Amino acid sequence: MKFKLSFIIILLFVLSCSSDDRENSNDQEQSITGNWSPYSYEYKGKIYVVDECEKKGQLLINNDMSGIYEKHIKSSENCTNVASFNGQWAFDRNTLILTLTYKENGITKTLIKQVENFSDSELRIIDTSVDLDNIPGNDEAILKFTK
């Protein structure tokens, strides 16, 4: 009888400790904050490294969720800043939707990005703004950002 009681007490102790470990790991969720720079596109199993002009872009998310979105593209011989928005980010961990609310000419606008996944050093966003296969129409690619 003493053996069974001791076994039950030890078993309960072990189970309660492992439960605490799981709760602590959830408290340490990875943060999406940081200064993210575009690095490459992934499309149909191929990787396309962005050019030096595109690398000038950024997705900045501060700890207070304020931040910036900037996109540069090379047109002819020039590097052009085609988007530059400064505002407030929101991130929904359930849907993986990243939204920037900003003002342009006094009008409130939003920029929505669908996150595929992210880690401490990599942010992957679904992007349809580029033509990677030289066939008319936008391609659904993954735009990879690094810190």
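Keep in mind the model is a prediction, meaning the values are calculated, not measured.
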Visitor: Is E116 reaching over with its side chain to a backbone N or O of L96, donor-acceptor style, under 3.5 angstrom?
Guide: no
Visitor: Please answer: with hydrophobic residues joined when any side-chain heavy atoms are less than 4.5 Å apart, are L60 and I32 in the same cluster?
Guide: no
Visitor: Quick one: side chain to side chain donor-acceptor pair (under 3.5 Å) partners of N105, sequence neighbours excluded?
Guide: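 Once residues adjacent in sequence are excluded, N105 has no partner under the side chain to side chain donor-acceptor pair (under 3.5 Å) criterion.
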Visitor: Could you grab the distance from atom CH2 of W36 to atom NZ of K147, nearest 0.5 Å is fine?
Guide: 4.5 Å
Visitor: As an exercise, state the distance from OG of S40 to NZ of K46, rounded to the nearest 0.5 Å.
Guide: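 If we round to the nearest 0.5 Å, S40:OG and K46:NZ are 14.5 Å apart.
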Visitor: Could you work out, with side chain to side chain donor-acceptor pair (under 3.5 Å) as the rule, every residue matching S75, not counting sequence neighbours?
Guide: T80
Visitor: In the structure I gave you, are the side-chain heavy atoms of V115 and F91 within less than 4.5 Å of one another anywhere?
Guide: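 The answer is yes; the side chains approach within 4.5 Å.
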Visitor: If Ile, Leu, Val, Met, Phe, Trp and Tyr residues are connected whenever their side-chain heavy atoms lie under 4.5 Å apart, and connections chain through other members, are Y39 and F118 in the same group?
Guide: no
Visitor: Step through the shown structure and confirm whether more than 12 heavy atoms of other residues, nucleotides or ligands are within 6.0 Å of NZ on K56.
Guide: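 Check fails, neighbour count at 12 or below.
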Visitor: Begin from the C-alpha positions of S119 and Q30 and carry the test side chain to side chain contact (heavy atoms under 4.5 Å, CB included) through to its verdict.
Guide: CA-CA 6 Å; S119 67; Q30 294 173 337; 4.1 Å; yes
Visitor: As a test of understanding, state which of L59, T33, T101 forms a side-chain contact (heavy atoms from CB on, under 4.5 Å) with W89.
Guide: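 Going through L59, T33, T101 one by one, the side-chain contact (heavy atoms from CB on, under 4.5 Å) with W89 is satisfied by L59 alone.
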Visitor: Do L123 and Y48 belong to the same hydrophobic cluster, where Ile, Leu, Val, Met, Phe, Trp and Tyr are linked whenever their side-chain heavy atoms lie under 4.5 Å apart, directly or via other members?
Guide: yes
Visitor: Is any side-chain heavy atom of I97 closer than 4.5 Å to a side-chain heavy atom of Q114?
Guide: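 Yes; the side chains approach each other to less than 4.5 Å.
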Visitor: If Ile, Leu, Val, Met, Phe, Trp and Tyr residues are connected whenever their side-chain heavy atoms lie under 4.5 Å apart, and connections chain through other members, are F85 and M65 in the same group?
Guide: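 The answer is yes; both residues are in one hydrophobic cluster.
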Visitor: Run the side-chain contact (heavy atoms from CB on, under 4.5 Å) test against N94 and tell me which residues pass, sequence neighbours left out.
Guide: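 Testing N94 for side-chain contact (heavy atoms from CB on, under 4.5 Å), a comparison that skips the adjacent residues, returns D92.
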Visitor: Do any N or O atoms from the side chain of E54 and from the backbone of K74 form a donor-acceptor pair under 3.5 angstrom?
Guide: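 No, the answer is negative, given that no donor and acceptor are paired below the 3.5 Å cut-off.
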Visitor: Nearest 0.5 Å please: distance from the OH atom of Y102 over to the OH atom of Y69.
Guide: 10.0 Å
Visitor: Is there a chain of hydrophobic side chains (I, L, V, M, F, W, Y, each step under 4.5 Å between heavy atoms) that links L111 to I61?
Guide: yes
Visitor: Looking at N62 and D64, would you say the former's side chain and the latter's main chain have a donor-acceptor pair under 3.5 Å?
Guide: no
Visitor: From N81 CG over to E70 CD, what is the distance, rounded to the nearest 0.5 angstrom?
Guide: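 N81 CG to E70 CD: 5.5 Å, rounded to 0.5 Å.
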Visitor: Enter the distance from E77:CD to C53:SG here, rounded to the nearest 0.5 Å.
Guide: 11.0 Å
Visitor: Working to the nearest 0.5 Å, report the span between CD1 of I126 and OG1 of T128.
Guide: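 Those atoms lie 9.5 Å apart.
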